[in-house]
Enquirer: 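If you scroll down you'll find the structure; I have some questions about it.
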There are 2 protein chains.
Amino acid sequence: MATGRTHRPATRSRGIPEATVARLPLYLRALTALSERSVPTVSSEELATAAGVNSAKLRKDFSYLGSYGTRGVGYDVEYLVYQISRELGLTQDWPVVIVGIGNLGAALANYGGFASRGFRVAALIDADPAMAGKPVAGMPVQHSDDLEKIIQSNGVSIGVIATPAGAAQPVCDRLVAAGVTSILNFAPTVLQVPDGVDVRKVDLSIELQILAFHEQRKAGEEADAIAATAAAADAVVVPAADSVPPPATRGETAADADADAADRKGPDGDVPAVMPA
Amino acid sequence: MATGRTHRPATRSRGIPEATVARLPLYLRALTALSERSVPTVSSEELATAAGVNSAKLRKDFSYLGSYGTRGVGYDVEYLVYQISRELGLTQDWPVVIVGIGNLGAALANYGGFASRGFRVAALIDADPAMAGKPVAGMPVQHSDDLEKIIQSNGVSIGVIATPAGAAQPVCDRLVAAGVTSILNFAPTVLQVPDGVDVRKVDLSIELQILAFHEQRKAGEEADAIAATAAAADAVVVPAADSVPPPATRGETAADADADAADRKGPDGDVPAVMPA
DNA sequence: ATGTCTTTGTGAACGCGTGCACAAAGATTG
DNA sequence: CAATCTTTGTGCACGCGTTCACAAAGACAT
């Protein structure tokens, strides 16, 4: 998942560990599904399977919220849905603004799930004057000149940034100055924010790179296994990837890498959004 | 950030801790920016600031890759870019398929950053026959009937799922059966996969819920602070959120929550994608 | 060459998160 | 009402990740 808290790393807020908070939405989703099927109770084992976690972990997570289960029976689905919703603050209304209405911003605006959990898209904002007034997801795009006014008149405290990388920090600064204290960042940049402001980032490019790493490792292990079985006779196998460019004493090996970097530096830096470099 | 590894939790692959792997793309991006500005070397301190991490952490991360720095000077930017790229497997070509070409899928397809890091969109796949042949991001959408054929003929090992929640697991199963071993999931579902397959998820809804939690906590602390200063005279303050619905012995308190759940269950479950419930 | 100054690389301590394993609690049955 | 059975809640131990703090390494000046 495109994850990444940025600030407030281990701030175990009110005794609930950050790791637990991150799992509560998962439990909530599983519980909501059960609720829709009118299932009255679940055991920690069943719910854990549905949420893709360990049952001991789930029980410990719930223990931070209080003792909402019944021994020998399990957890009351509806009651737990309510408790978790309340704990996450989903029983209240959260107006949200989306800044940067490109492909991604429009996709986010069109997402129907916002309203389903207490989140409400209060405004769509873009810097392009040509976008102003244009309806996206049944809502007129507003120009970023009015950003501060929009934030304040709607009491917005959560902002979503879906701008190109270059615009993200300035937009972030304006959001924060206008009173936003939580930001979800889709732009491929590390945002600098003052204390007290939470930033979470969604970064497709990073996720893909992590997958590529594991993919490469799997391929390597496979190759190793093959080499191990096939070899045993001949000592020298295929040259390992490590040995490709002679590290040298630095100085001009760098030139090679330089060429590479120059080749691929094109589209990054100012792309629409979603995946960072 | 919308993150979340699923399987292979702490598989410290080849001695490189998972947490370090997750930060390498961050360093790489910062280094690429320096490279474009033709900066020859950076200190761990400078680079750490740019990447938004602690310098000790950065040095330790790099120490897992080898000793690529020079004491008293810092790190050679180009050399490090090359080493990290190689470590992440970005020096090779990774064909990727995107399944589910709705708003989000189209946004992803239009993202220009794919090609910039060794990733190449090999195909766009959708289950809607009306989409077949329609060009998106200059590439014709193909019907999901041909999914297996497409995967195999292109040697795809990484798949991106941007379908509605209900379609995600079946699509995942087909991808895996066809040979995909890494999946980036945008659908709001927990995917079940066999051992050896990596799944990462990007889940907007979860990210927003986590932000809401912290937002609520901030508001609560503020209120507490105000209460603490203003009160001191009157013992009973505003009823805490905790006491709103009398927990009762369970049984019909559930009915209240039930009504709530019914109200908000609408748009979830089968939404386009991006944010899960 | 020698000394000084900068910055890396890492040993060690600490804290958070995870998972085991079991005792306590309650439901259920006879 | 006693016995049995199920499932929660948690004490404990372990391991990963983070951070501190410093010795070693090298650049640079004299």
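When reading the values below, keep in mind they use all heavy atoms of this one structure, side chains included, and skip hydrogens, waters and symmetry mates. So you know, we letter chains A, B, ... as the sequences are listed, proteins then strands, and number each from 1. All values reported here derive from a predicted model rather than from experimental measurement.
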Enquirer: If you compare all heavy atoms of A:Asp76 against all heavy atoms of A:Thr41, which two are closest, and at what distance to 0.1 Å?
Expert: CA-CG2, 4.2 Å
Enquirer: Tell me the closest heavy-atom pair linking B:Ala22 and A:Ile210, and the distance in Å.
Expert: CA-CD1, 3.7 Å
Enquirer: Just how large is the angle between the end axes of the helix from C:dA1-D:dT30 to C:dG30-D:dC1, five pairs per end, to 10 degrees?
Expert: 10°
Enquirer: Starting from the 5' end of DNA chain C, give me the residue, A:Asp61 or B:Glu45, whose nearest nucleotide shows up first.
Expert: B:Glu45
Enquirer: Rounded off to whole Å, could you give me the CD-to-P distance for the A:Glu46 and D:dT8 pair?
Expert: 9 Å
Enquirer: Using atom CG of A:Leu58 as one end and atom P of D:dT7 as the other, report the distance to the nearest whole Å.
Expert: 14 Å
Enquirer: Is the backbone N or O of A:Val81 less than 3.5 Å from a side-chain atom of A:Ser85, with the two atoms forming a donor-acceptor pair by type?
Expert: yes
Enquirer: Could you tell me how far apart B:Leu80 (CG) and C:dG9 (P) are, to the nearest whole angstrom?
Expert: 10 Å
Enquirer: At under 4.0 Å, does any side-chain N or O of B:Ser44 touch on OP1 or OP2 of C:dT8?
Expert: yes
Enquirer: Measure the distance from CD on B:Glu18 to P on C:dC16 and round it to the nearest whole Å.
Expert: 22 Å
Enquirer: So if I define the base as every atom that isn't primed, P, OP1 or OP2, how would nucleotides 25-30 of chain D read as a B/S/- string at a heavy-atom cutoff under 4.0 Å?
Expert: BSS---
Enquirer: Looking only at heavy atoms, what is the nearest atom pair of B:Tyr27 and B:Ile84, with distance?
Expert: CB-CD1, 4.1 Å
Enquirer: State whether A:Tyr75 places a side-chain N or O below 4.0 Å from either non-bridging phosphate oxygen (OP1 or OP2) of D:dG9.
Expert: yes
Enquirer: Judged by atom type as modelled, is there a donor-acceptor pair below 3.5 Å linking the side chain of A:Arg23 to the main-chain atoms of A:Asp61?
Expert: no
Enquirer: Please name all residues satisfying side-chain hydrogen bond (donor to acceptor under 3.5 Å, both in side chains) with A:Thr49, sequence neighbours left out, ordered by chain then number.
Expert: none
Enquirer: Which heavy atom in B:Trp94 sits nearest to a heavy atom in A:Gln216, and how many Å separate them?
Expert: CH2-N, 3.9 Å
Enquirer: Test side-chain contact (heavy atoms from CB on, under 4.5 Å) on A:Tyr75 and A:Leu34; report intermediate values, then the result.
Expert: CA-CA 12 Å; A:Tyr75 298 91; A:Leu34 291 171; over 6 Å; no
Enquirer: Answer with yes or no after comparing the ring centroid distance for A:Tyr68 and A:Tyr79 against a 6.0 Å cut-off, counting only values under it.
Expert: yes
Enquirer: Just jot down the salt bridge (Lys or Arg N to Asp or Glu O under 4.0 Å) partners of B:Arg59, sequence neighbours excluded, or say none.
Expert: none
Enquirer: In whole angstroms, how far is the C1' atom of C:dG17 from the CZ atom of A:Phe62?
Expert: 17 Å
Enquirer: Pairs under 3.5 angstrom, nitrogen or oxygen only, protein versus nucleotides 20-22 of chain C, please.
Expert:
{"from": "C:dA21", "atom 1": "N6", "to": "A:Arg59", "atom 2": "NH2", "distance (Å)": "3.4"}

Enquirer: Using atom OH of B:Tyr79 as one end and atom P of C:dT8 as the other, report the distance to the nearest whole Å.
Expert: 16 Å
Enquirer: Give the rounded distance in Å between these two atoms: OH of B:Tyr64 and P of D:dC16.
Expert: 10 Å
Enquirer: Quickly work out the A:Leu47 CG to D:dT6 C1' distance and round it to whole Å.
Expert: 17 Å
Enquirer: Please name all residues satisfying side-chain hydrogen bond (donor to acceptor under 3.5 Å, both in side chains) with A:Asp173, sequence neighbours left out, ordered by chain then number.
Expert: A:Gln169
